[in-house]
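A short worksheet on the structure shown next.
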Amino acid sequence: ASDSMFSDLLVIGKSIFTRKYSDKSSIEILESTLSKARCPILLLPNESPSFKNIVILFDGSQRSFDAIKLFVYLSADQLKKNKVILFTIVNEHTVVSEKNVCDYLKVHQPFFSVNRIYPDNYYNELLSGLSDLDEFLLVTGVSRQENIEDVISNRENSFYLKGNRSVFML
């Protein structure tokens with residue numbers, strides 16, 4: 001995991017989480033690797049991944065903005081090819097910085113929607129917004145550890161492991 005700081009991206013097929021006969025030590029090693037990775041992580045379906053929607057979660061933090069910038073650096077073409085939806089968690093930081101993020105995204109995709117969600121219930125509101133989308137890639141620098149714990153400990157029911165859903169985490 002310490003070598004990952006020299007990597008652009010760690011790509012993992014989602015089927016590794018859903019195998020029926022995964023042994024406990026393999027899952028523990030995977031969880032440790034994901035938790036300690038110092039580069040972005042991309043969870044993809046094993047079938048050929050395709051996206052209709054790029055969903056970006058922004059909470060006003062530098063890490064959140066860094067995730068957006070890294071994704072754009074690595075995959076700007078995906079922004080041009082897909083519908084882009086920005087979910088902003090409303091707080092004192094996003095009130096100031098949301099315009100900067102929108103200006104940054106407009107350079108790569110002039111048309112996108114912005115949804116504002118509130119911090120006290122942001123995760124449920126986000127999942128509700130995502131549940132209507134068939135194929136998406138979630139770009140997030142928010143709650144990386146929570147997302148990792150969800151796919152590790154909730155493997156059979158994880159929202160992100162179902163269907164053609166992918167996650168880019170910083």
Solution key, residues 121-129 side-chain donor-acceptor pairs under 3.5 Å, sequence neighbours excluded:
from : atom 1 : to   : atom 2 : distance (Å)
N121 : OD1    : N124 : ND2    : 2.9
Y122 : OH     : S143 : OG     : 2.5

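- Pairs engaging residues 73-118 under the ring pair (Phe, Tyr, Trp, His ring centres under 6.0 Å) rule: F65-Y104, Y104-H108 [sequence neighbours left out].
- By the side-chain contact (heavy atoms from CB on, under 4.5 Å) test, E28 pairs with K24, sequence neighbours left out.
- Here OG1 of T33 is found 6.5 Å from CG of L30. Values are rounded to the nearest 0.5 Å.
- Residues passing the side-chain hydrogen bond (donor to acceptor under 3.5 Å, both in side chains) test with E92: none are found, sequence neighbours excluded.
- Listed by chain and residue number, nothing satisfies the side-chain hydrogen bond (donor to acceptor under 3.5 Å, both in side chains) test with N53 (two or more places apart in sequence, or in another chain).
- The salt bridge (charged side-chain N to carboxylate O under 4.0 Å, His left out) contacts involving residues 72-84 comprise nothing, where partners must be two or more places apart or lie in separate chains.
- Shown here are the side-chain hydrogen bond (donor to acceptor under 3.5 Å, both in side chains) partners of D120, two or more places apart in sequence or in another chain: there are none.
- Under the rule for a salt bridge (Lys or Arg N to Asp or Glu O under 4.0 Å), the partners of R116 that lie at least two apart in sequence or sit in another chain are E98.
- Sorted by first and then second residue, the salt bridge (charged side-chain N to carboxylate O under 4.0 Å, His left out) pairs with a member in residues 50-63 form an empty list; sequence neighbours excluded.
- With sequence neighbours left out, the salt bridge (Lys or Arg N to Asp or Glu O under 4.0 Å) criterion links K69 to D66.
- Under the rule for a side-chain contact (heavy atoms from CB on, under 4.5 Å), the partners of S166 that lie at least two apart in sequence or sit in another chain are L44, P45, F51, L137.
- Annotation: side-chain contact (heavy atoms from CB on, under 4.5 Å) contacts of L74 (sequence neighbours excluded): D8, L9, F168.
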